[in-house]
Amino acid sequence: MLSPPNLKEEVRRSERPTDVLAAIACAVYDRMHPAPLDRGDDPASSGWLHVADLLRDPDGLEPLIGAASARFRSQDRALLVAQVAREAISALVTVAVELWGRQRRVLDLSAANVWLRAGETAVVVGVHQPWLAVLADDLLAGQPGVEVIAERRMFDRLVDQTIGYPVPPGAVPPGQPATIAAVAAIVAAVRRSIRCGERQLWGTAALAIASTSAKLAHAVGRRADTDRDMVFASRPDLARTVELIQAEADADVATGPVTFGLRRTCCLLFKLPDGDRCATCSLGDRDAQIVELTDWYRRYRPRQGCDGDGGAPGISSSSSSA
């Protein structure tokens, strides 16, 4: 398996990567483990937690909770579970929307294919196999592990099997792990593990959708707004957890205004020792937040080739941001 520096350098050298790993890394290397887990090894032996196992036993989160306890210097289990979920959900949804919105590709982020591991600054997300769904004219079409599907079916897969849907408290998402979104599996596991409102958890997913779409507007123009609106139209419960704010772009940005999101539900990060309110916190000063984030998005520029700046304010997977 390639090490992170080598993989990043490989991607940077290639303007039009046709290798599956490079293509995936081009969109996600700052949000996920940089390469699929070794297929010949048992990921669990190196500290990885299979999300599919959470469908059976939500206590599988305990190693991640223990690591988060050390990072956040807290013993409050409910708050720690909430932060583990925030970090994992934010990374998964950001990766999914970035890859779909920029390249019209959907990575298999099902419970069967996603693994989690404790990292130094955040939960690390990894995929076991680099399975992609692409459109017929994609450069990767025909390569091993790449499925060609129609655009409408791709959107349905993004919503149904990558983001997923809520279930009642104590319930498990229906279906097999290969058809259950890892995000939905994590949300369900958290709600089986602690008393927690679903709006708080799904609000993290909604913020990642809104923030990633705002960044993508600099690359794909108004299509980013259309894509965001399509997702929220299919999941109005998600749309209700964020407030969309339109920021006028700089004169040299041909894409026009950029619309970003602010949370309507709190991720509870501020309740931890030394915890700050994130830039999008529902408890923050809205006027000040709008000024700060408008300035950030006006100045934001995607990097050439790969967008590897680590995310917009409020959706970083690090322990210092929500």
Side-chain angles (χ1 to χ4, degrees), residues 1-41 43 50-52 91-115 125-164 175-183 212-213 215-216 219-221 223-224 226-227 230-231 234 302-308:
M1 183 165 62
L2 293 173
S3 65
N6 290 342
L7 185 56
K8 290 184 181 183
E9 185 60 33
E10 183 69 22
V11 173
R12 290 190 178 113
R13 285 201 301 263
S14 177
E15 294 182 0
R16 300 181 68 188
T18 55
D19 174 75
V20 172
L21 296 188
I24 294 173
C26 192
V28 308
Y29 65 68
D30 274 344
R31 302 293 300 175
M32 292 178 63
H33 194 261
L37 311 180
D38 286 340
R39 301 179 190 181
D41 297 336
H50 197 189
V51 173
L92 285 163
V93 177
T94 298
V95 165
V97 174
E98 165 76 22
L99 196 57
W100 172 68
R102 184 185 292 272
Q103 299 176 311
R104 282 301 188 260
R105 293 169 176 166
V106 172
L107 179 64
D108 180 357
L109 296 178
S110 67
N113 199 41
V114 172
W115 294 68
V125 177
V127 293
H128 195 240
Q129 303 279 8
W131 288 322
L132 277 176
V134 304
L135 301 180
D137 60 352
D138 195 291
L139 291 171
L140 299 180
Q143 292 203 32
V146 177
E147 177 186 6
V148 174
I149 60 177
E151 186 160 4
R152 179 63 208 192
R153 187 181 171 201
M154 177 179 288
F155 175 77
D156 291 341
R157 184 172 295 183
L158 173 79
V159 175
D160 298 344
Q161 298 180 22
T162 305
I163 299 173
Q176 299 299 313
T179 62
I180 297 172
V183 171
T212 306
S213 298
K215 291 174 59 185
L216 283 171
V220 303
R223 191 183 83 186
T226 301
D227 287 349
M230 284 174 57
V231 176
S234 70
R303 295 183 183 180
Q304 294 296 317
C306 295
D307 180 10

Do side-chain atoms of Asn113 reach the backbone of Gln129 as a donor and acceptor pair under 3.5 angstrom?
-> yes
Ala224: what forms a side chain to side chain contact (heavy atoms under 4.5 Å, CB included) with it, not counting sequence neighbours?
-> Leu216, Ala217, Val220
If every non-hydrogen atom of [X] is compared with every non-hydrogen atom of [Y], which pair is closest and at what distance?
| X | Y | answer |
| --- | --- | --- |
| Gly175 | Ile180 | O-CD1, 3.4 Å |
| Ala141 | Val148 | CB-CG2, 3.7 Å |
| Gln161 | Ala178 | OE1-O, 4.0 Å |
| Ile149 | Ala133 | CD1-CB, 3.6 Å |
| Val125 | Ala91 | CG2-CB, 4.0 Å |

Are side-chain heavy atoms of [X] and [Y] found at a separation under 4.5 Å?
| X | Y | answer |
| --- | --- | --- |
| Val183 | Val93 | yes |
| Val97 | Val231 | no |
| Leu99 | Leu132 | yes |

Separation between [atom1] of [X] and [atom2] of [Y], rounded to the nearest 0.5 Å:
| X | Y | atom1 | atom2 | result |
| --- | --- | --- | --- | --- |
| Leu92 | Leu107 | CG | CG | 9.5 Å |
| Ser234 | Ile163 | OG | CD1 | 7.0 Å |
| Met154 | Arg105 | CE | CZ | 9.0 Å |
| Asp227 | Thr212 | CG | OG1 | 12.0 Å |
| Met230 | Arg152 | CE | CZ | 5.5 Å |

Less than 4.0 Å between a side-chain N and a carboxylate O, is that true for Arg104 and Asp137?
-> no
So Trp115 and His50, would you call those rings parallel, tilted or perpendicular, with 30° and 60° as cut-offs?
-> parallel
Asp108: side-chain hydrogen bond (donor to acceptor under 3.5 Å, both in side chains) partners, not counting sequence neighbours |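 If we apply the side-chain hydrogen bond (donor to acceptor under 3.5 Å, both in side chains) test to Asp108, skipping adjacent residues, the hits are Ser110.
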Within residues 139-149 or reaching into it, pairs that qualify as salt bridge (Lys or Arg N to Asp or Glu O under 4.0 Å) - sequence neighbours excluded | Glu147-Arg153, Glu147-Arg157
Among Trp131, Phe155, Trp100, find the one that has a side chain to side chain contact (heavy atoms under 4.5 Å, CB included) with Val106.
->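 Passing option: Trp100.
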